[in-house]
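Take a look at the structure below.
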Amino acid sequence: MVIVGALWLFWPRRPVLGVSYVNGRNATLWSTTAQVREATATLEFGDRLEILDREGAFAEVRTAKGQDGWVDMRSLVRSEEWDLAMALLAKAKQMPVEARGHTKAAGNLRTEPKRQAERVLQLSRDVPVEMLERQVADGPVVKSGEDAEENEDAEPRKEDWWLVRAKPLGQGEIAGWVLGRFLEVDLPSPLPDYVSGAGIHPVAWFVLGQVPDSTGGVLPEYLVLGTRGTEGLDCDFTILRVYSPLTKRPGYGTAYVESNVCGHLPLDLHAATPPGDEARFQFRGTDSGGRTTDRKYVAHEASVRRVNDEGTSRAAKVRRPAKPR
């Protein structure tokens, strides 16, 4: 036993080339890279693996349980990128949620808001996400023709990126940056019809409070922030609308609208609780001269007005029925 122990301690071990983590729902550990091979284990999302060797698209790895085998490297992410993703997740857990939505197409979750950043995970379609922060980055250069000199001066297209927190089915919670065009905000009924009818691309929505409706009960009053669908804007949103229940017939009316605002998230909201109280919200806005100031609003049932720092009201918009699509 002493001899065996000594051999185990001093026998030369294979060097570890690096450390990676499983970044898919699962990955198969194979006995060899040959065509005829045996699956020896199923690796789970987040499993830590030591890299012992590489051969083509496969890496020989050792699991935390000491099991050796081969795995497809497309299922792995390097430890540096994994650490960045975990740091992003820790940051994301401390951030307010600006909107909840889902992926409307498969999209790569990256460590930074740019296409060249390392991919942490590919989110499939219809994965629920919490949208936390928006940033704009340069996308691919749009070539206007075959003239090389003309394309040299072409500017890259601006793209929206969102920092999201997601929990794909069968995988752990993860955070990262994804292209905004792959995301869709989940709006409560009946807002999708009203918003699409107004040609608004929704960015975020909030409940200001509960207000009287046509049946004598109460329904939510909604604040919707959005744009006209253009990517790469300096503003997080350019349109602000408040939808309030109508009191004389079923449906919602547009209680307030601004279509020339340049607003920045996050939005600070103090909802009306209980029903009948005032709701207050504010955000940072940039005017035409480039000055950034706090824009403050007060909502009381169907009446919405903007106020200055002294609490003085500014002119409010006329309420009218919203037009569903």
Side-chain angles (χ1 to χ4, degrees), residues 95-99 101 113-114 131-139 155-163 177 179-181 183 185 187 191 194-209 221-244 252-272 278-320 322-323:
M95 298 176 67
V97 177
E98 301 301 337
K114 59 183 180 181
M131 302 165 66
L132 309 172
E133 180 186 347
R134 171 187 170 269
Q135 284 194 22
V136 175
D138 289 341
E155 294 187 359
R157 181 180 60 188
K158 298 293 185 181
E159 297 179 317
D160 287 349
W161 289 80
W162 277 91
L163 175 61
W177 293 90
L179 276 169
R181 69 175 69 103
L183 303 175
V185 175
L187 294 172
L191 289 186
Y194 295 133
V195 168
S196 62
I200 297 173
H201 172 71
V203 172
W205 63 273
F206 306 87
V207 174
L208 297 179
E221 183 175 49
Y222 296 107
L223 167 64
V224 176
L225 310 177
T227 67
R228 290 296 181 190
T230 305
E231 276 193 284
L233 298 175
D234 294 332
C235 322
D236 289 330
F237 56 93
T238 57
I239 300 169
L240 181 156
R241 287 200 176 206
V242 175
Y243 292 97
S244 184
Y252 273 76
T254 305
Y256 187 83
V257 56
E258 279 192 65
S259 299
N260 58 351
V261 65
C262 178
H264 308 283
L265 296 170
L267 180 136
D268 182 22
L269 169 65
H270 296 274
E278 284 187 342
R280 293 179 175 269
F281 61 92
Q282 67 179 52
F283 56 87
R284 300 288 286 173
T286 303
D287 62 21
S288 57
R291 296 180 297 272
T292 302
T293 58
D294 288 331
R295 297 175 68 94
K296 302 178 181 181
Y297 299 80
V298 173
H300 180 255
E301 295 186 352
S303 173
V304 183
R305 66 187 189 278
R306 184 181 168 196
V307 298
N308 57 27
D309 290 334
E310 289 73 34
T312 305
S313 299
R314 301 195 181 182
K317 306 295 182 181
V318 178
R319 186 181 184 221
R320 60 183 185 276
K323 295 180 180 179

Mutual orientation of the aromatic rings belonging to F283 and F237 [parallel < 30°, tilted 30-60°, perpendicular > 60°] | perpendicular
Is the closest side-chain heavy-atom distance between S244 and E301 below 4.5 Å?
-> no
For residues E221 and A299, report the shortest heavy-atom separation together with the two atoms involved.
-> OE1-CB, 4.3 Å
State whether the side chain of Y194 and the backbone N or O of Y252 hold a donor-acceptor pair below 3.5 Å, judged by distance alone.
-> yes
Would you mind reporting whether L267 and Q282 have side-chain heavy atoms less than 4.5 Å apart?
-> no
Shortest non-hydrogen pair, V136 vs G232, comes out as CG1-CA, 3.8 Å
Identify the heavy atoms of H264 and D234 that sit nearest to each other, and give their distance.
-> CE1-O, 3.4 Å
Kindly write out the residues that satisfy salt bridge (Lys or Arg N to Asp or Glu O under 4.0 Å) with D268, not counting sequence neighbours, or none if the list is empty.
-> none
Does the pair V97 and L132 meet the rule for a side chain to side chain contact (heavy atoms under 4.5 Å, CB included), with working shown?
-> CA-CA 5 Å; V97 177; L132 309 172; 4.0 Å; yes
What are the two closest non-hydrogen atoms of W162 and G180, and how far apart are they?
-> CD1-CA, 3.9 Å
Output yes when E231 and R157 qualify as a salt bridge under the 4.0 Å nitrogen-oxygen rule, no when they do not.
-> no
Got a second to check how far T254's OG1 is from R241's CZ, nearest 0.5 Å?
-> 5.0 Å
Given the rule in the side chain to side chain contact (heavy atoms under 4.5 Å, CB included) test, do R280 and E278 qualify, once you have shown the distances and angles that lead to the verdict?
-> CA-CA 7 Å; R280 293 179 175 269; E278 284 187 342; 3.3 Å; yes
Across all chains, not counting sequence neighbours, the salt bridge (Lys or Arg N to Asp or Glu O under 4.0 Å) partners of R228 are none
Do Y297 and F281 have ring centres separated by under 6.0 Å?
-> yes
Hey, are T292 and T286 close enough side-chain-wise for a donor-acceptor pair under 3.5 Å?
-> yes
Considering all heavy atoms, the nearest K114-W161 contact = C-CZ2, 3.5 Å
Considering the options R306, R295, R305, which one meets the salt bridge (Lys or Arg N to Asp or Glu O under 4.0 Å) requirement together with E258?
-> R295
Inter-residue atom distance L225.CG - F206.CZ, 0.5 Å rounding = 5.5 Å
Between V195, T227, T238, which is the residue that forms a side chain to side chain contact (heavy atoms under 4.5 Å, CB included) with I200?
-> V195
Stepwise, does the side chain to side chain contact (heavy atoms under 4.5 Å, CB included) test hold for V304 with L223?
-> CA-CA 11 Å; V304 183; L223 167 64; over 6 Å; no
Could you walk me through whether Y222 and V207 pass side chain to side chain contact (heavy atoms under 4.5 Å, CB included), step by step?
-> CA-CA 5 Å; Y222 296 107; V207 174; 3.8 Å; yes
Closest non-hydrogen atom pair between G139 and P156, with its separation | O-CB, 3.3 Å
Candidate list D236, L265, L163, test side chain to side chain contact (heavy atoms under 4.5 Å, CB included), partner E133, passing option = L163
